[in-house]
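Written out below as structure tokens is the structure these notes cover.
Side-chain atoms are counted along with the backbone in the values below, which use heavy atoms only and exclude waters and symmetry mates. Along the sequence shown, residues carry numbers from 1.
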Amino acid sequence: VRLLCEGGVVRATDRGLAATLVKPRGEVKFALVFTDDFNEESRTAPAFASWDALRAEHVARWTEWIERTFVKIPDARLQSVYDCALYTLKCWSTPWSIPVGILPSHWNGAFFGFTFFGPALGATGHEDDLRKIARYWNSLVPAARQRASRAYPDDTTADIRYCWLSDEFGNETSGNGRWREHIQHMGTICKEIENCWLYREDMTFLKEVYPVLRGSAEFYANQAVYETKDGKTIIGTCCDMERLATLVRNPFQTTCAAIKALQFAAFAAARLGIDGDKAERWMDLARRLRRDLPHDGAKYIPYAGAKDRNVSVLSGAIPYRILWADDPKQVAAIADFDRNSFEAGNMVKAGSRVCSWFAAWTAAAQALIGDGEGACRNLRLSAASAGRFAEIFEINEPGLMSIPWTSSPQGTFVEAINTMLLRCEGDTIFIAPAVPKAWKDFSFRLKAYDDVTVDVAFEKGRCVLKELSYGPAWSGRPKKVVKE
């Protein structure tokens, strides 16, 4: 820690650092500089030229980060929450990944694998931050392999299982509880790697992080999938969403996570020309798991035989994007949760409202299937419990508040608005696919898949600007643009 003060003398004392001001007049400028390097490569605090120089550098770096893309929508409250959400993601970003927050109240800056940052970061032009997260999980493969396959620490093809809440070295930092029985986060991590690929098809990077995909797929295939006596293929008993009363069998969300991991690992193996036999097995398991997802005949349900409702039923759409508008049970599950979201409520069984994350999650799912009115309504519900600075909480309602500036809901909120404005399916780009009728004037610059940037402006309900530009990593494949 270094204390810098213009016009003052800084000295170390028994009680810490102190600054003595020499004939202070007017404005006094000082700064605290923190250097935290676990690798001990440098113990020297960076130089501090002046306050003006530091502020100029700060403004320049923020301007560059923010202005890569933009969104301008005609709802001032949603705009404020969107802007604050992106700001929060960058504020909490570390050299490893993005924690819930860098505070004792935010799990001490440790990292969950169950976070939905990819679409938000990818669409806003921050592939560097997205890849950083993937590389962090790739760096922990040895620790994850040891946890899942301790008898074979030198087998680079062995199963991997990440801790639920990891520090920089892959150690478990969560306390005792049923959350230690989560296994959906391996699929979520694989989805985040898929997001890296979707926005920039980099074979070198895919090869670099392939150990995460292979190890996660092998974990599900070898340790989580069960064949029942009646011929079903399911994920066994585990902790799905902590809001549920206990560990559950054939859980919808965890099964969707496993399907995504198996599918994308098989895709990556095919592109890299390796693990052909494994990939064939992974795809077969993914098909059977999808066939036997839990449902009540009309809609998907949180787990086999479930009578209660849970946000997990949105997971086929968001975050895993394995079930789309052409799956009537997923559409029905989204509609049912939308109608009854207050019953499923908050992150924990407390309070009387639905938390910002779950409302934004619902909005993102609705945007994905083209329901702009529903998406807008749920985004307003999500924004209603944001704070004075438009920051999102874990829970914020009269008499109950926890975890302000929490990162995961911020990513989902950004994803929901971006998906209302721009959706990609393969090489097809949908313009304004889920915009409510009341939005007549809006504009945006967002990234589509395959290093393509889309600039769009609507005035009085008419599209007056639609431009595509292609980055250096563009594959060369033509794009079809559909204006909804």
Side-chain angles (χ1 to χ4, degrees), residues 69-86 119-120 123-124 299 311 314 317-318 321 323-328 330-342 353-354 356-386 390 392 409-410 412-425 428-448 454-468 479-484:
T69 59
F70 73 87
V71 162
K72 293 182 180 178
I73 54 177
D75 187 309
R77 180 59 171 172
L78 297 189
Q79 182 77 60
S80 295
V81 177
Y82 179 94
D83 293 340
C84 186
L86 278 175
T124 53
K299 63 183 183 300
V311 72
L314 309 178
I318 301 292
R321 300 199 181 201
L323 305 173
W324 296 75
D326 60 353
D327 188 314
Q330 180 64 91
V331 173
I334 294 170
D336 181 75
F337 185 81
D338 178 35
R339 289 191 300 269
N340 300 282
S341 60
F342 278 68
R353 298 183 180 179
V354 60
S356 285
W357 191 11
F358 290 1
W361 194 340
T362 308
Q366 290 171 316
L368 193 65
I369 63 172
D371 180 6
E373 303 300 329
C376 187
R377 173 168 38 78
N378 274 295
L379 283 171
R380 286 173 176 161
L381 180 62
S382 178
S385 59
I392 294 177
Q410 321 276 0
T412 308
F413 193 96
V414 171
E415 178 182 3
I417 288 183
N418 290 347
T419 306
M420 294 168 73
L421 300 172
L422 183 75
R423 187 179 82 244
C424 301
E425 294 181 25
T428 301
I429 300 171
F430 294 89
I431 304 296
V435 170
K437 293 180 180 179
W439 289 13
K440 302 297 184 183
D441 300 284
F442 59 91
S443 58
F444 62 86
R445 176 186 301 125
L446 291 170
K447 297 283 288 190
V454 182
D455 279 88
V456 168
F458 275 71
E459 293 179 3
K460 297 180 180 180
R462 293 180 60 253
C463 183
V464 297
L465 173 67
K466 181 181 63 180
E467 294 181 355
L468 271 64
K479 305 302 174 188
K480 178 182 178 181
V481 179
V482 177
K483 184 173 72 68
E484 296 286 328

Once rounded to the nearest 0.5 Å, what's the spacing between atom SG of C376 and atom NZ of K437? 13.5 Å
Separation between NZ (K299) and CG (D327), nearest 0.5 Å, reads 14.0 Å
With rounding to the nearest 0.5 Å, note down the distance linking CG in L78 to CD1 in I417. 5.0 Å
So how far is it from I369 CD1 to T419 OG1, rounded to the nearest 0.5 Å? 12.0 Å
Are a donor atom and an acceptor atom from the side chains of D75 and Q79 found within less than 3.5 Å of each other? no
Nearest heavy-atom pair of Q366 and A375: which atoms, and what distance? OE1-N, 3.3 Å
Any side-chain heavy atom of L465 within less than 4.5 Å of one from V456? no
Point-to-point distance, once rounded to the nearest 0.5 Å, from OG1 of T362 to CD1 of I334: 9.0 Å
Determine, step by step, whether I392 and W357 satisfy the side-chain contact (heavy atoms from CB on, under 4.5 Å) criterion, reporting the C-alpha distance in whole Å, the side-chain angles of both residues, the deciding distance to 0.1 Å, and the verdict. CA-CA 8 Å; I392 294 177; W357 191 11; over 6 Å; no
I need the minimum non-hydrogen distance between F413 and Y82, along with the two atoms involved. CE2-N, 3.7 Å
Test of understanding: with salt bridge (charged side-chain N to carboxylate O under 4.0 Å, His left out), list the residues that count as partners of R77, not counting sequence neighbours. none
Backbone of P74 reached by a side-chain donor or acceptor of W439 within 3.5 Å: no
So which heavy atom on L379 is nearest to which on A416, and how close? CD2-CB, 3.8 Å
A quick test of your reading: do over 12 heavy atoms of other residues, nucleotides or ligands sit less than 6.0 Å from CD of E459? no
Using side-chain contact (heavy atoms from CB on, under 4.5 Å), reason through F342 and R353 one step at a time and then give a plain yes or no. CA-CA 5 Å; F342 278 68; R353 298 183 180 179; 4.1 Å; yes
Shortest non-hydrogen separation from D455 to R445 and the atoms involved: OD2-NE, 2.9 Å
When rounded to the nearest 0.5 angstrom, what distance separates CZ in F358 from OG1 in T412? 10.0 Å
Provide the closest heavy-atom pair for L468 versus K479 in the form atom of the first, atom of the second, distance. CD2-CB, 4.3 Å
T124 backbone acceptor or donor facing T69 side chain under 3.5 Å: yes
Indicate yes or no for a side-chain donor-acceptor contact from S382 to the backbone of N378 under 3.5 Å, with no hydrogens or angles considered. no
In sequence, state the C-alpha distance, the side-chain angles, and the governing distance for V454 and I429, and then conclude on side-chain contact (heavy atoms from CB on, under 4.5 Å). CA-CA 9 Å; V454 182; I429 300 171; 4.3 Å; yes
Which atoms form the tightest heavy-atom contact between A359 and V354, and what is the distance? N-CG2, 4.1 Å
Start with the C-alpha gap between D338 and R377, add the side-chain angles, then the distance that decides, and say whether side-chain contact (heavy atoms from CB on, under 4.5 Å) holds. CA-CA 10 Å; D338 178 35; R377 173 168 38 78; 3.0 Å; yes
